[in-house]
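Worksheet: one structure, shown below.
Values reported hereafter were calculated over all heavy atoms of this structure, with side chains retained and with hydrogens, waters and symmetry mates removed. One is the number of the first residue; the rest follow in order along the sequence.
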Amino acid sequence: MTAVPHDLRSSFPHGEFDLICAHYLHTPFDLDRAAVLRSAAHALRPDGRLLIVDHGSTAPWSWNQDPDVRYPSPREVAAGIGLDAATWMVERADAPRRIATGPGGRTAEVTDHVLLIRRSA
């Protein structure tokens, strides 16, 4: 296995994949996130899955405490990627809650947004 760096603004790894995970792909930098996720979906083999896990709430210890921040729902993320429903199927789109542990052992309930998309065979 070889690690290859990519600037997702301009390139995406070559190949076909069974599973691609994008966990907390949030950034304050200029990045067309929907285009990156669309590229990931197109890199899936038939029956491959794209797993996207996003923040659904702000933890009390987060660097960004903007009260107006809005986290798109998993269905909104799926719509923003713009995949043809004849080829890609949403297998999971939900918002589970969990207890997270932050700095100094502080805990809080947070929400994650989980989206699982499968490419048809």
Checklist line | Partners meeting side chain to side chain contact (heavy atoms under 4.5 Å, CB included) with Ala79 (sequence neighbours left out) | finding: none

Next item on the list: Only counting residues at least two apart or in another chain, list the ones meeting side chain to side chain contact (heavy atoms under 4.5 Å, CB included) with Ser11.
Entry: His6

Notebook entry, point to check: Is it the case that more than 12 heavy atoms not belonging to Arg45 sit under 6.0 Å from its CZ atom?
Noted result: yes

Notebook entry, point to check: To which residues is Val77 joined in a hydrophobic cluster, defined by side-chain heavy-atom contacts under 4.5 Å among Ile, Leu, Val, Met, Phe, Trp and Tyr, whether direct or through other members?
Noted result: Leu8, Phe12, Phe17, Ile20, Leu25, Leu31, Val36, Leu37, Leu44, Leu50, Ile52, Ile81, Leu83, Trp88, Val90, Leu115, Ile117

Note to self: Looking at every non-hydrogen atom in both residues, tell me the closest pair between Ala34 and Gly80 and how far apart they are.
What the structure shows: CB-O, 3.6 Å

Checklist line | Sequence-distant partners of Glu91, side chain to side chain contact (heavy atoms under 4.5 Å, CB included), two or more places apart | finding: Arg49, Met89, Leu116, Arg118

Item checked: Qualifying residues under side-chain hydrogen bond (donor to acceptor under 3.5 Å, both in side chains), relative to Asp32, sequence neighbours excluded -> none

Note to self: Strictly by ring-ring contact (aromatic ring centres under 6.0 Å, His included), give each pair with a member in residues 95-121 just once, sequence neighbours left out.
What the structure shows: none

Next item on the list: Please name all residues satisfying side chain to side chain contact (heavy atoms under 4.5 Å, CB included) with Asp112, sequence neighbours left out, ordered by chain then number.
Entry: Tyr24, Val53, Arg98

Margin query: Counting only heavy atoms from other residues, nucleotides and ligands, does the tally under 6.0 Å from NE2 of His14 exceed 12?
Written below: no

Item checked: For Pro46 against Ala121, the heavy-atom pair lying closest together -> CB-CA, 3.7 Å

Notebook entry, point to check: Shortest non-hydrogen contact from Arg106 to Pro60?
Noted result: NH2-CB, 3.2 Å

Next item on the list: Scan residues 61-74 for pairs that pass salt bridge (Lys or Arg N to Asp or Glu O under 4.0 Å), counting only residues two or more places apart or in two chains.
Entry: Arg70-Glu76

Note to self: So, using salt bridge (Lys or Arg N to Asp or Glu O under 4.0 Å) as the criterion, who are the partners of Arg33 when residues are at least two apart?
What the structure shows: Asp54

Note to self: Has Asp7 got a side-chain atom pairing as donor or acceptor with Arg9's backbone, closer than 3.5 angstrom?
What the structure shows: yes

Notebook entry, point to check: Is there a side-chain contact between Pro13 and Val4, using heavy atoms and a 4.5 Å cut-off?
Noted result: no

Margin query: My understanding is that only residues two or more places apart in sequence, or in another chain, count here; which of them pass side-chain hydrogen bond (donor to acceptor under 3.5 Å, both in side chains) with Ser39?
Written below: none

Margin query: Using modelled atom types and a 3.5 Å cut-off, is there a donor and acceptor pairing between side-chain atoms of Thr101 and backbone atoms of Thr107?
Written below: no

Check: Are side-chain heavy atoms of His23 and Leu51 found at a separation under 4.5 Å?
Finding: yes

Margin query: So, using side-chain hydrogen bond (donor to acceptor under 3.5 Å, both in side chains) as the criterion, who are the partners of Arg75 when residues are at least two apart?
Written below: none

Note to self: Show every side chain to side chain donor-acceptor pair (under 3.5 Å) that has at least one partner inside residues 55-65, sequence neighbours left out.
What the structure shows: Thr58-Tyr71

